[in-house]
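Inspection log for the structure reproduced underneath, given as structure tokens.
All chains are named by letter (A, B, ...) in the order of the sequence lines, taking the proteins before the strands, and each is independently numbered beginning at 1.
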There are 2 protein chains.
Amino acid sequence: MMEHDIFRALADPTRRTIFEKLATGSLNASALRQGMEISQPAMSQHLAVLRSARLVREQREGRFVNYEVDPDGLALIVEWLAKYRAYWPARIDALKLLLKDMDQ
Amino acid sequence: MMEHDIFRALADPTRRTIFEKLATGSLNASALRQGMEISQPAMSQHLAVLRSARLVREQREGRFVNYEVDPDGLALIVEWLAKYRAYWPARIDALKLLLKDMDQ
DNA sequence: GAATCGCATAAGTGTGTGCTTATGTGTCGT
DNA sequence: ACGACACATAAGCACACACTTATGCGATTC
């Protein structure tokens with residue numbers, strides 16, 4: 001189940017940090033390691049988990065592999081969240097921002 | 001970190017099932033066990049995890065404990081998601097529904 | 001073509017996690 | 001007050017998971 005892969009992937013704080021780094025733009029595996037005190041194999045393994053969860057996708061460029069946020073994974077989270085919209089608090093500032101962006 | 005508690009709580013498929021059961025309305029621990037092949041202690045432990053993640057809140061009624069979805073946890077997920085709104089696909093039907101509900 | 005670089009994979013290890021059984025705590029009915 | 005009930009907690013165990021070191025693989029550089 002991909003829903004499971006997504007939540008399991010995001011359960012690890014290191015992977016969330018990696019994912020948030022990619023929120024600012026595409027980066028390769030080495031660039032992602034900058035300032036993170038993480039070994040190269042560990043980073044590679046984390047990226048593999050994020051990739052199989054469709055939270056991240058790769059774009060090979062020679063011997064580099066650029067990673068970027070994959071909208072597919074995010075869409076699945078949004079769809080999952082939609083099941084609970086009856087319980088969302090009436091005022092969520094972050095949501096207001098989202099609405100504006102989506103209305104364009 | 002509460003963000004961590006939330007994603008860790010949702011990483012377990014049994015806890016997601018419990019949470020989704022509560023999406024339809026308030027239930028006590030025994031009612032939640034119906035049709036789930038899960039022991040009473042296991043259910044109690046799962047509810048404790050969901051509760052400490054603020055995904056669920058309890059309402060004691062005599063010797064029963066009714067559980068319901070806690071909007072606070074959902075709000076934190078929405079705020080986390082907001083960081084990636086630049087990567088959301090342009091058309092997400094579920095989101096469209098959300099927008100309508102939020103605009104009332 | 002040999003060395004180096006960027007990254008992936010394999011194998012092993014310590015820790016976290018979800019389960020079990022057993023027991024504790026508080027509430028209700030009689 | 002006593003037993004039954006709803007639930008929480010404790011302790012122990014099997015397994016998953018994130019890390020390590022070592023090695024493999026393809027691309028680049030000289």
Between [atom2] of [N] and [atom1] of [X], the distance in whole Å:
X: B/E61; N: C/dC28; atom1: CD; atom2: C1'; result: 14 Å
X: B/M43; N: C/dG18; atom1: CE; atom2: C1'; result: 14 Å
X: B/Y67; N: D/dC7; atom1: OH; atom2: C1'; result: 8 Å
X: B/L50; N: C/dT17; atom1: CG; atom2: P; result: 14 Å
X: B/R63; N: C/dG29; atom1: CZ; atom2: P; result: 6 Å
X: B/R60; N: C/dT27; atom1: CZ; atom2: P; result: 8 Å

Quiz prompt | Gap between atom CG of B/L47 and atom CD of B/Q45 - 0.5 Å precision | solution =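 The distance works out to 10.0 Å.
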Practice problem: May I ask you to decide if A/P13's main-chain N or O and A/T17's side chain share a donor-acceptor pair within less than 3.5 Å? | Solution: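 Yes, the answer is positive, given that a donor and an acceptor are paired below the 3.5 Å cut-off.
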Quiz item: Just by modelled atom types, is the A/V65 backbone N or O under 3.5 Å from a matching donor or acceptor in the A/R60 side chain?
Solution: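 Judged by distance alone, no pair lies under 3.5 Å.
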Quiz item: Which of the following nucleotides, D/dC17, C/dA8, C/dT17, is nearest to the side chain of A/R8?
Solution: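 The answer is D/dC17.
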Quiz item: Would you call the rings of B/F19 and A/W80 parallel, tilted or perpendicular if under 30° counts as parallel and over 60° as perpendicular?
Solution: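 Plane angle under 30°, so parallel.
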Exercise. Indicate, with a heavy-atom threshold strictly under 4.0 Å, whether B/R33 touches base, sugar-phosphate, or nothing.
Key: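 Nothing, no nucleic acid heavy atom in range.
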Quiz item: With the sugar-phosphate defined as primed atoms, P, OP1 and OP2, and the base as all remaining atoms, what B/S/- string results for nucleotides 19-25 of chain C, 5' to 3', for protein heavy atoms under 4.0 Å?
Solution: BBBB---
Exercise. Give a yes or no on this: more than 12 heavy atoms of other residues, nucleotides or ligands lie within 6.0 Å of atom CE of B/M2.
Key: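 Counting neighbours around CE of B/M2, 12 or fewer heavy atoms of other residues, nucleotides or ligands fall under 6.0 Å, so no.
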Exercise. State which residue, out of A/V69, A/I77, A/D70, A/D72, fulfils the side-chain contact (heavy atoms from CB on, under 4.5 Å) condition with A/L55.
Key: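 Of the listed options, the one satisfying the test is A/I77.
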